[in-house]
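Note sheet for the following structure.
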Amino acid sequence: MAYSGGADSALVLAAGVRALGRDGVLAVTAVSESLPSGELAAARALAEDLGVAHLAPRTEELNRPGYRANGADRCYFCKSEVLDTVTAVARAHGFDLVATGTNADDTADPFRPGIRAGRERGIRTPLADAGLTKADARAVSRLWSLPTWDKPATPCLASRIRYGIPVTGHRLARVDRAEKAVRRALDGAGVHSEQLRVRDLGDTVRVELDAGAAAAAAGLTALAEGVAEAGFGTAPLIVDSFVSGRLNHERPPATEEF
């Protein structure tokens with residue numbers, strides 16, 4: 001199982017245990033600069049609860065020019081690296097089939113070039129094959145008492161960088177640091193937000209939160225200072241409402257680097 005620890009992959013992992021038993025499933029989480037802090041530990045904890053063997057091989061997306069270039073097809077190169085690594089691990093441990101948590105909504109999304117990488121490699125997509133949407137996956141996960149049933153989506157850190165701006169280890173790391181700093185600032189001010197993204201727009205940085213939280217957080221000095229200290233320095237800061245997939249519609253690259 002190509003297992004990120006999110007709601008979808010966790011459900012497929014749990015279903016695999018039910019169908020094949022604990023020894024019939026292997027959870028594999030790709031680890032790279034694009035993995036947000038805390039995600040690996042959470043994924044490992046759930047795999048342990050399910051009694052499933054869990055491996056976390058290193059992947060090297062940054063070695064792929066197509067990934068670094070950060071075009072609209074970036075996810076294709078990312079998924080190619082991840083799935084090639086997971087497939088190699090699976091075969092080394094005696095597993096013939098690899099599955100992902102791709103759901104029916106994903107297959108209908110025009111901004112999912114990574115799905116092509118999976119199809120080219122014969123990767124299985126049980127949720128999509130069964131016609132299960134994200135809402136369906138959450139409903140089943142809740143029925144099965146999986147702790148991930150209401151976990152907010154946590155896409156890779158590269159998804160925070162505007163298309164056309166090269167993906168680098170430096171940019172990924174400062175986005176990760178900035179998101180942790182924003183969370184600390186929100187917690188300190190008693191502001192709750194399920195969604196949190198720090199978008200690297202090249203000439204500016206945008207913090208996206210739940211609508212109500214965005215309004216409350218806009219004037220937080222600790223938030224602005226935290227983002228600056230994370231590596232964004234004096235770049236203009238915008239605090240706005242979260243919009244899923246927003247950068248898919250903001251294609252023009254920035255004109256300044258910082």
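What you are looking at is a predicted structure, and each value in this text was computed from that prediction instead of being measured.
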Considering only residues two or more places apart or on different chains, which pairs with a residue in residues 185-218 satisfy ring pair (Phe, Tyr, Trp, His ring centres under 6.0 Å)? none

Partners meeting side chain to side chain donor-acceptor pair (under 3.5 Å) with R206 (sequence neighbours left out): E208, E250

Tell me, please, which residues at least two apart from D84 pass side chain to side chain donor-acceptor pair (under 3.5 Å). R64, R121

By side-chain contact (heavy atoms from CB on, under 4.5 Å), which residues pair with L196, not counting sequence neighbours? E179, V182, R183, L186, V198, L209

Pairing residues for P147 by the side-chain contact (heavy atoms from CB on, under 4.5 Å) criterion, not counting sequence neighbours: L46

Residues pairing under ring pair (Phe, Tyr, Trp, His ring centres under 6.0 Å) where one sits in residues 16-54, two or more places apart or in two chains, turn out to be Y3-H54

By side chain to side chain donor-acceptor pair (under 3.5 Å) - contacts of H93 (at least two apart): none

Validation: residues 229-237 side-chain donor-acceptor distances under 3.5 Å, sequence neighbours left out:
none

Using distance only, find each side-chain donor-acceptor pair of residues 5-25 under 3.5 Å and give its atom names and separation, not counting sequence neighbours.
from	atom 1	to	atom 2	distance (Å)
D8	OD2	N103	ND2	3.0
D8	OD2	K134	NZ	2.9
S9	OG	S4	N	3.2
S9	OG	S4	OG	3.2
S9	OG	G5	N	3.2
R22	NE	L50	O	3.4

Partner set under side chain to side chain donor-acceptor pair (under 3.5 Å) for D150, not counting sequence neighbours: none

Which residues pass the side-chain contact (heavy atoms from CB on, under 4.5 Å) test with T107, sequence neighbours left out? T102, I115, R119, A128

Looking only at non-hydrogen atoms, find the nearest pair between D73 and P113 and report the distance. CA-CG, 4.0 Å

By side-chain contact (heavy atoms from CB on, under 4.5 Å), S241 pairs with (sequence neighbours left out) A211, A214

Taking side chain as C-beta onward, heavy atoms only, is P36 less than 4.5 Å from L157? yes

